[in-house]
2 protein chains.
Amino acid sequence: MTKSAPRTRIQEKNRSAILEAGLEVFSKFGYRGSTVDKIAEAAGLSKPNLLYYFPSKEAIYLELLSGLLDTWLDPLRALNDDGKALPEILDYVGRKLDMARDFPRESRLFANEILQGAPRIEDALKGDLKTLVDEKAEVIRHWIAAGKIKDVDPHHLIFSIWALTQHYADFDTQVRAVLGGQDPFPGAEHYLEQLFTSRLKP
Amino acid sequence: MTKSAPRTRIQEKNRSAILEAGLEVFSKFGYRGSTVDKIAEAAGLSKPNLLYYFPSKEAIYLELLSGLLDTWLDPLRALNDDGKALPEILDYVGRKLDMARDFPRESRLFANEILQGAPRIEDALKGDLKTLVDEKAEVIRHWIAAGKIKDVDPHHLIFSIWALTQHYADFDTQVRAVLGGQDPFPGAEHYLEQLFTSRLKP
DNA sequence: CGTTGCTTTGACCACTTGGTCAAATCAAGC
DNA sequence: GCTTGATTTGACCAAGTGGTCAAAGCAACG
């Protein structure tokens with residue numbers, strides 16, 4: 001559920017333009033490095049006009065963050081105990097890697113917030129996120145008990161999937177510098193599939 | 001080689017106090033989020049006094065960064081073609097994980113810089129870093145050709161080691177939130193050892 | 001056309017921030 | 001104790017920042 005639903009078409013347009021601009025700017029400069037002026041310019045509005053739609057810089061940031069956390073966890077929610085364990089996990093890896101490729105700004109915004117100690121979403125991490133991860137760790141434990149995959153620590157398995165996929169979005173600059181500008185994603189997809197298959201296939 | 005060598009004992013003491021304070025503050029708030037006042041306070045100096053030792057906020061940041069990149073790459077430099085391939089790689093993983101545990105501020109400072117697009121160290125990444133990684137990739141390729149480890153893309157192997165180890169420093173907040181405050185490192189060490197052994201052991 | 005309510009803006013303000021500077025303090029050798 | 005050079009500081013400044021506000025523009029409807 002989004003904030004108080006905008007009524008007019010123009011409100012809807014401007015609010016979403018601001019959020020898009022906010023994502024662009026916040027993900028590039030971090031919260032402190034972003035200015036209301038920059039966001040306003042990116043959204044094609046004047047600063048006071050932007051502040052007519054959102055009460056403050058922080059309000060934009062918070063709305064982005066809360067929307068993001070959901071989107072970001074959707075692939076994990078989709079991880080279900082539907083028979084084939086390994087393909088299910090490989091699918092999750094693939095979906096996360098796709099997101100790193102297609103939504104790097106979202107990944108970086110999130111990374112920025114966690115790096116600063118997650119001051120604004122600590123509760124969500126200790127609450128919803130922990131609950132969801134614990135739940136999925138249980139699913140993985142069942143797969144292990146049933147002999148469908150090898151014995152691994154489910155939490156660290158999940159962490160490793162996050163780390164490996166998000167690395168390609170968050171550290172994009174470094175990865176491309178080392179690869180000499182070459183697109184990392186085809187290679188990454190193959191590498192990660194092999195990596196997790198080797199570790200998990202019984 | 002460090003900057004112009006400080007002459008007096010007091011200069012040495014204050015300069016290193018400032019660098020220590022800078023590391024503390026920059027790694028916590030990022031470049032833009034850090035103020036000269038905060039760094040000065042952490043170093044136990046007044047702002048003008050701090051600026052007597054360093055010409056600007058950026059100078060502190062740059063000196064930290066350039067010193068860091070070296071330290072950060074030392075473990076990779078130590079990766080040598082000395083017979084046993086897999087233990088060599090597992091050692092590298094272990095050393096990087098130790099650094100993530102013992103020097104998380106350094107890792108976060110670096111992560112912050114890369115996240116912002118590495119505006120101040122792009123050249124170093126495309127130069128020294130790429131050279132070093134390409135060189136070590138060649139070592140790994142030899143191991144593969146000699147049948148000492150399984151066939152993997154050397155660059156992505158190195159990326160995966162970086163991603164997995166630094167994740168525990170950079171995303172510490174998230175990891176601990178999900179684990180309910182439990183120390184992640186013992187579990188991480190075991191998980192990573194198994195992961196790379198499974199993938200690489202011929 | 002004129003009223004009404006949504007939208008936009010120029011001018012402005014208080015506060016933070018990086019950095020300067022002249023003057024004061026201090027330490028050490030003479 | 002006095003001189004000399006290193007160190008420290010209070011006062012200050014210009015630029016940038018988040019945010020306010022009253023007034024102006026604008027669209028739609030009677």
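Numbers restart at 1 for each chain; the letters A, B, ... are given by sequence-line order, proteins then strands. Atoms considered below: every heavy atom in the structure, side chains included; atoms not considered: hydrogens, waters and symmetry mates.
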Could you give the CG-to-P distance, from A:L50 to D:dG19, as a whole number of Å? 10 Å
When rounded to whole Å, the CZ to P distance for the pair B:R15 and D:dT8 reads 14 Å
A:Q11 side chain N/O closer than 4.0 Å to the phosphate oxygens (OP1, OP2) of C:dC6? no
Nearest whole angstrom, please: distance from the C1' of D:dA27 to the CG of A:N14. 15 Å
Separation of atom NZ in A:K57 from atom P in C:dT16, rounded to whole Å: 14 Å
Of D:dT20, D:dG10, D:dT8, the nucleotide closest to the side chain of B:P48 is D:dG10
Between C:dT17 atom P and B:E58 atom CD, what is the distance in whole Å? 18 Å
Roughly, in whole Å, what's the span from CD in B:E41 to P in D:dT9? 13 Å
Using a 4.0 Å heavy-atom cut-off, does B:Y53 contact any base of the nucleic acid, only the sugar-phosphate backbone, or nothing at all? sugar-phosphate
Determine, for B:D134 against B:R141, whether the closest basic-nitrogen to carboxylate-oxygen distance falls under 4.0 angstrom. no
Under 4.0 Å between any heavy atoms, over every strand shown, what does A:I10 touch: base, sugar-phosphate, or nothing? Just pick one. sugar-phosphate
In whole angstrom, give the distance that lies between atom CG of A:D37 and atom P of C:dT16. 19 Å
Test: B:E20 and B:R105 ion pair at under 4.0 Å: yes
For the pair A:E88 and A:K84, find out whether any cationic side-chain nitrogen is under 4.0 Å from an anionic carboxylate oxygen. no
Can you find a donor-acceptor pair, distance only, under 3.5 Å between A:K47 side chain and D:dG19 base? yes
Identify which nucleotide among C:dG19, D:dG18, C:dC6 has an atom closest to any side-chain atom of A:Y52, counting heavy atoms from C-beta outward. C:dC6
The side chain of A:L51 lies closest to which of these nucleotides: D:dT17, D:dG19, C:dT17? D:dG19
Has B:N49 got a side-chain N or O lying under 4.0 Å from the OP1 or OP2 atom of D:dG10? no
Below 4.0 angstrom from OP1 or OP2 of C:dT9, is there any side-chain N or O of A:S46? yes
Is the shortest side-chain N to carboxylate O distance from A:D74 to A:R77 below 4.0 Å? yes
In whole angstroms, the gap separating P of C:dT16 from CZ of B:F29 amounts to 16 Å
According to a strict under-4.0 Å criterion, is B:R32 in side-chain N/O contact with OP1 or OP2 of C:dG18? no
Determine whether B:F54 and B:I39 make a side-chain contact, defined as any pair of heavy atoms from C-beta on separated by less than 4.5 Å. no
